[in-house]
Engineer: 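Okay, here's the structure, questions in a sec.
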Amino acid sequence: MNRASLQSPPKILCVLILHLLLTHSISVSGAVCSPIIRLESIDRDRGGVVLQCESKGWYPEPDVFWLDGEGNLLSAAPTETVKGLDNLYTVSSRVTVEKRHSNSFTCRVQQNNINQTRETHIDVPEDFFKVQSSSSPVIIGLAVGLVVCVVVVVAVFFFGWKWKQNMISKLQLINCSDSHRV
């Protein structure tokens, strides 16, 4: 037996390398985490919601896709990728979504070379899309204040003008009565 293993070191080496590759591949694919989606913020300007997706433990580096409830690809910000000390990748991606028929969204992380795909779905409540801009009450308050100021200024000028006209009339009456006395 010793003689056979000494005579075929290339075969043993190939088996050992294949075993290491398979073991490494299995342990890496087992370490892949399903994506986690969280609500990052509310985009008041667009009336949308910013979602963030993160997934850890990938090798090689995977691709990240966002899909709506009908399976349509969504336009997202560039994927952020971090390679850890263990040579595994953590990926994260953000997308701003607007109200849709089914407010259901999917983050899909996939690595075609090792045939791995993980995805997570989220249903965003409709109430998150109904947020009004926080500047609306300020703008309404300023508009009402401006209208009140204009009305007050016009009223002051009008009553001032009326008072002046009234005084001129009284002065004319006084002057007329003084000129008739002479």
Side-chain angles (χ1 to χ4, degrees), residues 16-155:
L16 182 60
I17 290 172
L18 182 61
H19 174 71
L20 288 174
L21 286 174
L22 288 174
T23 304
H24 179 68
S25 176
I26 290 170
S27 67
V28 168
S29 65
V32 170
C33 295
S34 290
I36 297 172
I37 300 175
R38 71 172 196 241
L39 179 79
E40 185 71 17
S41 63
I42 295 175
D43 185 344
R44 297 181 190 280
D45 296 332
R46 291 177 45 186
V49 174
V50 180
L51 301 175
Q52 180 168 349
C53 173
E54 182 177 282
S55 185
K56 299 178 181 182
W58 290 88
Y59 187 86
E61 183 179 348
D63 296 313
V64 181
F65 303 99
W66 284 96
L67 307 164
D68 65 10
E70 287 78 40
N72 299 313
L73 196 60
L74 300 173
S75 177
T79 301
E80 296 176 20
T81 305
V82 176
K83 188 174 183 180
L85 296 174
D86 55 1
N87 288 328
L88 298 179
Y89 291 93
T90 297
V91 290
S92 64
S93 175
R94 289 183 185 175
V95 66
T96 300
V97 294
E98 296 174 0
K99 186 175 185 289
R100 297 181 183 253
H101 176 52
S102 78
N103 297 333
S104 178
F105 304 96
T106 300
C107 175
R108 179 178 292 159
V109 182
Q110 68 184 41
Q111 194 349 291
N112 290 328
N113 294 348
I114 59 171
N115 198 25
Q116 285 285 330
T117 300
R118 298 283 190 274
E119 61 182 39
T120 301
H121 307 280
I122 187 170
D123 292 313
V124 179
E126 193 169 322
D127 294 345
F128 284 100
F129 297 102
K130 293 181 181 178
V131 175
Q132 294 179 356
S133 172
S134 63
S135 62
S136 292
V138 174
I139 292 171
I140 292 170
L142 287 174
V144 168
L146 181 63
V147 168
V148 169
C149 286
V150 168
V151 167
V152 168
V153 168
V154 168

Engineer: List the atom of Ser34, the atom of Arg118, and the distance in Å for their closest heavy-atom pair.
Structural biologist: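 Scanning both residues completely, I find the closest heavy atoms to be OG-CD, 3.7 Å.
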Engineer: Partners of Thr79 by side-chain hydrogen bond (donor to acceptor under 3.5 Å, both in side chains), sequence neighbours excluded?
Structural biologist: none
Engineer: Mind listing the closest non-hydrogen atom pair of Pro60 and Ile114 along with its distance?
Structural biologist: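 Heavy atoms only, the tightest pair is CD-CG2, 4.1 Å.
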Engineer: For Pro35 versus Val109, what's the shortest heavy-atom pair and its separation?
Structural biologist: CG-CG2, 3.7 Å
Engineer: Quick one: side chains of residues 81-95, donor-acceptor pairs under 3.5 Å with protein atoms, not counting sequence neighbours, listed by atom name and distance.
Structural biologist:
{"residue": "Thr81", "atom": "OG1", "partner": "Glu61", "partner atom": "OE2", "Å": "3.1"}
{"residue": "Asp86", "atom": "OD1", "partner": "Leu88", "partner atom": "N", "Å": "3.1"}
{"residue": "Ser93", "atom": "OG", "partner": "Trp66", "partner atom": "NE1", "Å": "3.0"}
{"residue": "Arg94", "atom": "NE", "partner": "Gln52", "partner atom": "OE1", "Å": "3.3"}
{"residue": "Arg94", "atom": "NH2", "partner": "Glu40", "partner atom": "OE2", "Å": "3.4"}

Engineer: Determine, step by step, whether Leu51 and Val97 satisfy the side chain to side chain contact (heavy atoms under 4.5 Å, CB included) criterion, reporting the C-alpha distance in whole Å, the side-chain angles of both residues, the deciding distance to 0.1 Å, and the verdict.
Structural biologist: CA-CA 8 Å; Leu51 301 175; Val97 294; 4.0 Å; yes
Engineer: So which pairs with a foot in residues 103-112 pass salt bridge (Lys or Arg N to Asp or Glu O under 4.0 Å), sequence neighbours left out?
Structural biologist: Arg108-Glu119
Engineer: Tell me, do Val124 and Phe105 make a side-chain contact under 4.5 Å, heavy atoms counted?
Structural biologist: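 Of all side-chain heavy-atom pairs linking Phe105 with Val124, at least one is under 4.5 Å.
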Engineer: Side chains of Ile122 and Leu39: closer than 4.5 Å at any heavy-atom pair?
Structural biologist: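 Of all side-chain heavy-atom pairs linking Leu39 with Ile122, none is under 4.5 Å.
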Engineer: Scan for disulfide (SG to SG under 2.5 Å) pairs involving residues 56-122, sequence neighbours excluded, and state none if there are none.
Structural biologist: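 Every disulfide (SG to SG under 2.5 Å) pair that includes a residue of residues 56-122, provided the two are not neighbours, is Cys53-Cys107.
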Engineer: For residues Ile37 and His121, report the shortest heavy-atom separation together with the two atoms involved.
Structural biologist: CD1-C, 4.3 Å
Engineer: By side-chain hydrogen bond (donor to acceptor under 3.5 Å, both in side chains), which residues pair with Thr96, not counting sequence neighbours?
Structural biologist: none
Engineer: Please, which pairs that meet salt bridge (Lys or Arg N to Asp or Glu O under 4.0 Å) have at least one residue in residues 95-106, sequence neighbours excluded?
Structural biologist: Arg46-Glu98, Asp68-Arg100, Lys99-Glu126
